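Because the structure is a prediction, the values reported are computed rather than measured.
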Amino acid sequence: QVQLVESGGGLVQAGGSLRLSCAASGRTFSNYAMGWFRQAPGKEREIVAAISRLGHSTYYADLAKGRFTISRDNAKNTVYLQMNSLKPEDTAVYYCAATPSVVTPRSSREYGYWGQGTQVTVSS
């Protein structure tokens, strides 16, 4: 089992920044690729970014390119999502997820472990 706990969400004005963190425990963190997803009210959960086990490979959804950066610190068992130039449409609950996959999956179905989510609200 892998336990994931997100933090860092909150209320920010449009154009502002937030840094989300996801702390993992329970298993060897470097054995898991990690992803950040988000879900807005009435919408399906969508991928934001993903990172491979050792951080050598990353994936960004179009919504994140140029604004968000995913990173990980395996010594701290933590994955981060730096979000800059936030827009009101970025408002959602953000979830981190883990998968033992050796690649960097983009589908939520590939991830078996999920955090409880952290709310991000961007005001206009």
Side-chain angles (χ1 to χ4, degrees):
Q1 287 282 0
V2 176
Q3 292 79 42
L4 303 172
V5 179
E6 302 97 335
S7 62
L11 174 63
V12 64
Q13 289 188 333
S17 298
L18 282 175
R19 187 194 196 201
L20 305 184
S21 299
C22 173
S25 62
R27 292 289 179 92
T28 303
F29 184 61
S30 58
N31 286 345
Y32 293 85
M34 302 296 295
W36 283 100
F37 292 77
R38 72 184 189 185
Q39 187 166 20
K43 295 187 177 182
E44 293 188 354
R45 189 170 297 188
E46 61 181 347
I47 189 167
V48 176
I51 189 166
S52 60
R53 293 176 171 186
L54 299 183
H56 297 154
S57 175
T58 57
Y59 166 79
Y60 293 95
D62 287 345
L63 64 92
K65 290 178 181 177
R67 299 190 300 133
F68 296 177
T69 302
I70 188 171
S71 62
R72 66 189 296 161
D73 185 339
N74 286 348
K76 296 183 178 180
N77 293 347
T78 303
V79 61
Y80 306 97
L81 185 67
Q82 177 67 45
M83 304 188 294
N84 299 327
S85 302
L86 283 163
K87 307 173 183 179
E89 51 263 44
D90 293 318
T91 295
V93 178
Y94 284 71
Y95 299 90
C96 72
T99 174
S101 175
V102 298
V103 295
T104 313
R106 304 174 184 183
S107 170
S108 61
R109 294 187 297 272
E110 301 290 333
Y111 291 81
Y113 303 98
W114 293 83
Q116 82 289 348
T118 186
Q119 176 70 48
V120 171
T121 302
V122 184
S123 63
S124 57

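With a 4.5 Å cut-off on side-chain heavy atoms, Q116 and E6 count as touching. Considering only heavy atoms from C-beta on, V79 comes within 4.5 Å of I70 through its side chain. A 4.5 Å side-chain heavy-atom check between M34 and L4 finds at least one atom pair inside the cut-off. Contact of the W114 side chain with the R45 side chain is registered, since non-hydrogen atoms from C-beta on lie closer than 4.5 Å. Between L63 and E46, some side-chain heavy-atom pair lies under the 4.5 Å cut-off.
Pairing each heavy atom of L11 with each of S123, the nearest pair is CD1-CB, 4.3 Å. Across every non-hydrogen atom of N74 and S30, the tightest pair is ND2-CB, 3.5 Å. The nearest pair of heavy atoms linking G35 to Y111 is N-CE2, 3.6 Å. Scanning both residues, A50 and I47, for their nearest heavy atoms gives CB-CD1, 4.2 Å. Residues S124 and A14 share a closest heavy-atom pair of CA-CB, 4.4 Å. In plain terms, the two heavy atoms of V120 and G9 that are nearest each other are CG2-CA, 4.1 Å.
Take Y94 and apply the ring pair (Phe, Tyr, Trp, His ring centres under 6.0 Å) test, not counting sequence neighbours, and it matches no residue.
Remark: side-chain polar atoms of T78 are paired, donor with acceptor, to backbone N or O of K76 under 3.5 angstrom. Between the side chain of R72 and the backbone N or O of G55, no donor-acceptor pair lies under 3.5 Å. When atom types are taken as modelled, the side chain of R19 and the backbone of Q82 share no donor-acceptor pair closer than 3.5 angstrom.
For R27 and Y32, the positive end is not near the middle of the six-membered ring at less than 6.0 Å and at most 45° from its axis.
With salt bridges taken as basic N to acidic carboxylate O contacts below 4.0 Å, none links D90 and K87.
Evaluation of the disulfide (SG to SG under 2.5 Å) test over residues 3-107, restricted to residues two or more places apart or in two chains, returns C22-C96.
The only member of F68, Y95, F37 that meets side chain to side chain contact (heavy atoms under 4.5 Å, CB included) when paired with V48 is F68.
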CA sep, side-chain torsions, deciding dist, call: T91, Q119, side-chain contact (heavy atoms from CB on, under 4.5 Å): CA-CA 8 Å; T91 295; Q119 176 70 48; 4.0 Å; yes

Full working for side-chain contact (heavy atoms from CB on, under 4.5 Å) between M83 and L81: CA-CA 6 Å; M83 304 188 294; L81 185 67; 3.8 Å; yes

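In the hydrophobic clustering of ILVMFWY residues, with side-chain heavy atoms under 4.5 Å counting as a link, V93 and V12 come out apart.
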